[in-house]
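A short worksheet on the structure shown next.
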Amino acid sequence: MVDVSRVQKELTECNRDREVSGVSIALHDGANISHLTGTIAGPADSPYEGGTFTIDIRLPGGYPFEPPKMQFITKVWHPNISSQNGAICLDILKDQWSPALTLKTALLSLQALLSCPAPDDPQDAVVAQQYLRDYPTFAATARYWTEAFAKCSSTGMEEKVQKLVEMGFPEELVRSTLKSVDGDENMALEKLCSG
């Protein structure tokens, strides 16, 4: 069973200085304490600067003695994060987890991982090879993905809402669906069509 009081304390602690740390956590659906959503600001002086990255966090029954399960929801081009499904290769989320660590330290570690990739221990071999063999192309691709998936400009969002409303979907449903998929127009259309 998840230690509810510890998780509540961690949420409060993490969100207390989110402007400084660049990380925050919220309940995913407003009710379930074992399903959370984390947010990480892209680190300065990296291809991810200016982006906001969303992480799906699931706490196993043995938390804090078992590591949280984390996965990027926002698409990201990085050697240690799957470009396909957002899976993360980071030791503290696996065998190096300790109950002394917190959700905030895990999110800060992910933020540090964005700044300092470990291409020799990749989650995404294609991205790692590009990082090692052609860094300028890697950096340009990572910046492009950050612009496309991790930055939601309000004008771009309004254009997406307008397009989907013109297809016959209700505006409120369009807005909530776009928000749930971090502004990814294609994913939103898929969700809207599948009902």
Side-chain angles (χ1 to χ4, degrees), residues 1-18 20-29 31-44 46-49 51-132 138 141-142 145-146 149-150 180-182 184 187:
M1 186 72 188
V2 172
D3 183 342
V4 174
S5 62
R6 172 172 164 150
V7 175
Q8 288 172 330
K9 186 176 173 187
E10 284 192 42
L11 291 176
T12 302
E13 176 61 32
C14 183
N15 294 327
R16 182 176 294 140
D17 68 345
R18 71 174 134 209
V20 176
S21 68
V23 301
S24 63
I25 303 174
L27 294 176
H28 179 75
D29 58 9
N32 185 352
I33 196 97
S34 64
H35 190 192
L36 308 168
T37 301
T39 305
I40 298 174
S46 79
Y48 313 101
E49 183 173 11
T52 301
F53 300 88
T54 306
I55 316 314
D56 183 68
I57 305 169
R58 295 180 188 266
L59 303 179
Y63 183 82
F65 300 100
E66 294 175 44
K69 309 270 186 256
M70 294 189 173
Q71 181 175 353
F72 273 80
I73 295 170
T74 307
K75 290 179 68 106
V76 59
W77 189 254
H78 189 283
N80 306 107
I81 302 159
S82 169
S83 59
Q84 301 299 308
N85 63 16
I88 303 163
C89 181
L90 182 64
D91 59 355
I92 68 159
L93 295 179
K94 295 184 173 94
D95 59 336
Q96 294 302 308
W97 176 258
S98 157
L101 298 173
T102 64
L103 296 170
K104 181 178 181 179
T105 56
L107 288 176
L108 289 170
S109 295
L110 289 178
Q111 191 178 49
L113 185 66
L114 290 178
S115 287
C116 301
D120 296 328
D121 184 21
Q123 175 71 37
D124 195 311
V126 172
V127 180
Q129 286 303 313
Q130 185 183 59
Y131 181 91
L132 293 167
F138 160 79
T141 306
W145 278 43
T146 299
F149 303 114
S180 76
V181 295
D182 285 331
D184 185 320
M187 283 180 69

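Quick caveat, the model's predicted, so the values are computed rather than measured. Just so it is clear, the values below take in all heavy atoms, side chains as well, and ignore hydrogens, waters and symmetry mates.
- Here the side chains of F138 and P79 are in contact, with some heavy-atom distance below 4.5 Å.
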Exercise answer: donor-acceptor pairs, residues 83-91 side-chain atoms, under 3.5 Å, sequence neighbours excluded:
from	atom 1	to	atom 2	distance (Å)
S83	OG	D124	OD2	2.6
N85	OD1	S82	OG	3.0
N85	OD1	A87	N	2.9

* Would you check, one step at a time, whether the test side-chain contact (heavy atoms from CB on, under 4.5 Å) holds for T141 with V127? => CA-CA 10 Å; T141 306; V127 180; over 6 Å; no
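- Under the rule for a side-chain contact (heavy atoms from CB on, under 4.5 Å), the partners of T54 that lie at least two apart in sequence or sit in another chain are T37, I73, T74, D182.
- Distance check, rounded to the nearest 0.5 Å: OG of S24 to CG of L36 gives 11.0 Å.
- At distances below 3.5 Å, at least one donor-acceptor pair connects side-chain atoms of Y48 with backbone N or O atoms of W77.
- Annotation: the span from S109 atom OG to M70 atom CE amounts to 9.0 Å, rounded to 0.5 Å.
- When all heavy atoms of A128 and P119 are compared, the closest pair comes out as CB-O, 3.7 Å.
- Panel note: side chain H78, backbone L113; a donor-acceptor pair is recorded below 3.5 Å.
- With W97 contributing its side chain and P68 its backbone, the two residues share no donor-acceptor pair below 3.5 Å.
- Considering all non-hydrogen atoms of both residues, L107 and G38 come closest at CD1-CA, 4.2 Å.
- Considering every non-hydrogen atom in both A41 and Q111, the closest pair reads O-NE2, 2.9 Å.
- Between Y63 and the options K69, E10, M1, a side-chain contact (heavy atoms from CB on, under 4.5 Å) holds for only E10.
- Annotation: the span from I25 atom CD1 to I57 atom CD1 amounts to 4.5 Å, rounded to 0.5 Å.
- Annotation: side-chain hydrogen bond (donor to acceptor under 3.5 Å, both in side chains) contacts of S180 (sequence neighbours excluded): K191.
- Taking the side-chain contact (heavy atoms from CB on, under 4.5 Å) definition, one finds that E13 meets it with R16, K104, sequence neighbours left out.
- Looking at L59, D3, L11 one by one, the single match for side-chain contact (heavy atoms from CB on, under 4.5 Å) with I33 turns out to be L11.
- D56 is linked by a salt bridge (charged side-chain N to carboxylate O under 4.0 Å, His left out) to R58, counting only residues two or more places apart in sequence or in another chain.
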* Might you work through the side-chain contact (heavy atoms from CB on, under 4.5 Å) test for L110 and L93, ending with a clear yes or no? => CA-CA 10 Å; L110 289 178; L93 295 179; 4.3 Å; yes
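- Screening residues 106-120 for salt bridge (Lys or Arg N to Asp or Glu O under 4.0 Å), with sequence neighbours left out, gives no hits.
- In plain terms, the two heavy atoms of P43 and S46 that are nearest each other are O-OG, 2.7 Å.
- Contact annotation: the side chain of R18 approaches that of N15 to within less than 4.5 Å [non-hydrogen atoms, C-beta and beyond].
- Contact of the T102 side chain with the R6 side chain is registered, since non-hydrogen atoms from C-beta on lie closer than 4.5 Å.
- Looking only at side-chain heavy atoms (C-beta outward), P67 and I92 stay at 4.5 Å or farther from each other.
- By the 4.5 Å heavy-atom criterion applied to side chains, T146 and F53 are counted as neighbours.
- Between the E66 side chain and the P60 main chain, no donor and acceptor come within less than 3.5 Å of each other.
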